[in-house]
Amino acid sequence: MSHNKSDPRDKLRGRSNVKDSKELLEFYKKLEDKSTTAFWRRANDIEPWEPITRYKPTVWRYEELRDLVLQSAELVKPEEAGRRVIVLMNNSDAGREHTSCVGWLFSGLQVMKPGEITPAHKHTASAQRFIMEGGGAYTVVDGHQVTLNKNDYVLTPNGCWHDHGVFEDGQISIWQDGLDIPLMNSLETNFYSVYPEETQKTKYNTDDSPMSYGAPGLIPVEREPWDKPYSPLLVYRWEDTKKALYNLSKAGDGSPFDGYILRYSNPVTGGWAMNTMGAHMQMLNPGQHTKAHRHTGNVMYNCAGGEGYSIIGGQKYHWQEHDIFCVPSWVWHEHVNTSKSDEAFLYSFNDFPVMESLCVYFEEPLDENKGHQKLTS
Ligand code: GTQ
Ligand code: FE2
């Protein structure tokens with residue numbers, strides 16, 4: 001966290017304001033020799049007045065990436081690559097250092113052709129996937145096979161065995177993976193194992209998870225009570241999500257910052273579907289321009305339909321279907337649907353569950369200028 005800008009508040013009592021002198025510089029050298037340092041030399045950097053993200057708003061345009069992703073499918077085999085994924089990296093030193101798309105979130109585009117599989121494995125990192133293209137794909141999570149179609153949202157909770165594939169009669173499939181790999185590596189908690197066989201044998205009927213837990217407000221009673229620390233619903237179908245958004249739009253005004261927005265939740269607890277990452281789908285009405293706010297926590301967006309732009313940190317970033325962009329911690333943002341006739345949909349995933357469980361989720365609206373940012377060129 002580098003805080004090089006001088007802030008007039010740094011002159012206040014309680015801030016570090018020590019001038020270097022010859023004696024002090026000699027003293028600092030002696031400290032360094034003993035693996036120590038003087039707190040006041042670093043205090044203003046490590047105690048910023050407010051969060052200073054090292055990540056930059058970044059856009060990944062699907063038009064530019066799609067061909068490269070498809071090329072990867074010709075160049076390497078998924079079983080050789082382990083996972084054939086093109087990683088999205090934040091346009092910043094921190095992004096490259098941590099293989100991060102923003103903050104502690106990793107993301108990449110995974111492609112699979114009909115008949116291909118990704119070998120079974122598990123890791124401490126949790127994963128979620130947003131299906132951008134294709135059909136006739138599936139994943140197997142701890143023996144539960146889940147079929148996947150466009151705009152479905154699917155979970156691979158931490159520690160679950162998983163392998164994926166596309167059926168022989170399916171279509172080439174591209175999905176956006178979101179994992180907490182940078183967080184797990186920063187916490188130094190990341191374990192990885194390979195399954196004894198290339199793929200898991202499914203242990204349940206295909207789609208038993210959505211067929212058991214996918215009906216709104218209804219939880220099966222004939223099963224063992226669900227006691228795992230993540231959602232028993234492993235896939236959230238686009239047709240259900242879309243219907244729920246249109247219904248929500250008839251129920252009221254929605255959020256001033258996000259339009260109509262739904263959280264993918266654990267149907268048993270109502271909480272987040274997984275412990276470290278959450279996700280939303282939101283809908284903006286034709287012409288809607290939301291108000292700006294900012295919050296701690298990092299967000300990766302994927303336009304699930306429609307077109308518009310977001311103003312992030314005072315700059316405009318246009319998006320259309322399947323463009324991906326990020327909003328780093330504590331950066332102002334607002335969204336605009338530029339169509340006069342069609343709704344716009346934004347899928348997003350985030351690290352809010354981490355922020356909330358550590359009691360460090362903070363949020364504020366922009367008060368000035370009627371809640372809209374001034375554009376900086
Ligand atoms: O599909 O299991 O993008 O383990 C990165 C790591 C996907 C996966 C990624 C993974 C996977
Ligand atoms: Fe994985």
Side-chain angles (χ1 to χ4, degrees), residues 1-9 48-65 88-95 100-103 105 107 253-261 280-352 361-377:
M1 203 173 306
S2 162
H3 158 126
N4 295 324
K5 277 187 232 150
S6 69
D7 187 310
R9 290 175 290 184
W49 291 95
E50 57 187 34
I52 300 168
T53 182
R54 290 166 299 166
Y55 297 87
K56 293 197 182 119
T58 304
V59 183
W60 296 268
R61 300 213 179 277
Y62 198 49
E63 203 176 53
E64 295 169 1
L65 282 184
L88 308 177
M89 286 216 286
N90 192 269
N91 180 25
S92 65
D93 292 342
S100 154
C101 53
V102 66
L105 302 172
S107 189
D253 292 339
S255 151
F257 309 114
D258 287 303
Y260 299 103
I261 181 159
H280 294 102
M281 182 68 82
Q282 68 194 83
M283 181 173 92
L284 303 172
N285 276 336
Q288 183 166 7
H289 185 157
T290 66
K291 292 201 166 170
H293 74 158
R294 63 179 174 179
H295 48 71
T296 52
N298 298 278
V299 187
M300 275 295 275
Y301 290 88
N302 185 322
C303 172
E307 58 187 315
Y309 63 87
S310 298
I311 306 174
I312 309 167
Q315 296 207 330
K316 253 191 205 187
Y317 298 89
H318 285 270
W319 37 259
Q320 59 185 30
E321 191 173 6
H322 292 331
D323 285 347
I324 298 171
F325 61 95
C326 68
V327 175
S329 178
W330 210 240
V331 174
W332 295 111
H333 53 283
E334 60 198 90
H335 308 295
V336 184
N337 176 357
T338 48
S339 169
K340 293 198 170 60
S341 52
D342 296 328
E343 286 79 19
F345 297 91
L346 293 174
Y347 158 80
S348 61
F349 72 91
N350 61 62
D351 53 13
F352 298 169
Y361 181 81
F362 308 112
E363 181 183 1
E364 68 178 29
L366 182 65
D367 280 334
E368 65 216 38
N369 200 29
K370 297 205 171 95
H372 295 299
Q373 298 162 79
K374 292 200 181 76
L375 288 176
T376 55
S377 53

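- One N or O on the side chain of Thr338 and one on the backbone of Glu307 form a donor-acceptor pair closer than 3.5 Å.
- Distance alone, capped at 3.5 Å, places no donor-acceptor pair between the Ser348 side chain and the Tyr301 backbone.
- Here the CG atom belonging to Leu284 is positioned 5.5 Å from the CG atom belonging to Leu346, to the nearest 0.5 angstrom.
- Atom-to-atom distance recorded for Gln315:CD and Thr376:OG1 is 4.5 Å, nearest 0.5 angstrom.
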*Working for side chain to side chain contact (heavy atoms under 4.5 Å, CB included), residues Cys101 and Trp60*: CA-CA 10 Å; Cys101 53; Trp60 296 268; 4.0 Å; yes
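- Taking the charged nitrogens against the carboxylate oxygens, Glu334 and Lys291 have no contact shorter than 4.0 Å, which rules out a salt bridge.
- When every heavy atom of Arg294 is checked against every heavy atom of Trp330, the shortest pair comes out as CZ-NE1, 3.2 Å.
- Once rounded to the nearest 0.5 Å, the distance linking CD1 of Ile324 with CZ of Arg61 reads 11.5 Å.
- Here the NE2-OG distance, from His318 to Ser310, works out to 10.0 Å after rounding to the nearest 0.5 Å.
- Surrounding CG of Asp253 are at most 12 heavy atoms belonging to other residues, nucleotides or ligands under 6.0 Å away.
- Here the rule is side chain to side chain contact (heavy atoms under 4.5 Å, CB included) with Met300, and of Leu88, Asn350, Asp351 only Leu88 fits it.
- Closest non-hydrogen pair, Thr53 versus Pro328, comes out as OG1-CB, 3.5 Å.
- Formation of a donor-acceptor pair under 3.5 Å by the Asn337 side chain with backbone atoms of Asn285 is found in this model.
- Residues Gln373 and Ile311 share a closest heavy-atom pair of NE2-O, 3.0 Å.
- Using the six-membered ring where Trp is involved, Tyr62 and His322 have ring planes that are perpendicular, over 60° apart on the 30 and 60° scheme.
- The aromatic rings of His293 and His295 sit perpendicular to each other, their planes meeting at more than 60°, with 30° as the lower class boundary.
- When all heavy atoms of Ser100 and Tyr55 are compared, the closest pair comes out as OG-CE2, 3.4 Å.
- Rounding to the nearest 0.5 angstrom, the gap separating the NZ atom in Lys374 from the CH2 atom in Trp332 is 12.0 Å.
- Atom-to-atom distance recorded for Tyr347:OH and Met281:CE is 8.0 Å, nearest 0.5 angstrom.
- Within the 4.5 Å cutoff, no side-chain heavy atoms of Arg54 are placed close to those of Asp93.
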*Decide side chain to side chain contact (heavy atoms under 4.5 Å, CB included) for His280 and Phe352; before the verdict, give the C-alpha distance in whole Å, the side-chain angles of both, and the deciding distance to 0.1 Å.*
CA-CA 11 Å; His280 294 102; Phe352 298 169; 4.1 Å; yes
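- The two residues Met89 and Thr58 have their closest heavy-atom pair at O-CG2, 4.4 Å.
- Taking every heavy atom of both residues into account, Val59 and Tyr317 meet most closely at CG2-CD2, 3.3 Å.
- The closest donor-acceptor contact from the side chain of Asn90 to the backbone of Lys56 lies under 3.5 Å.
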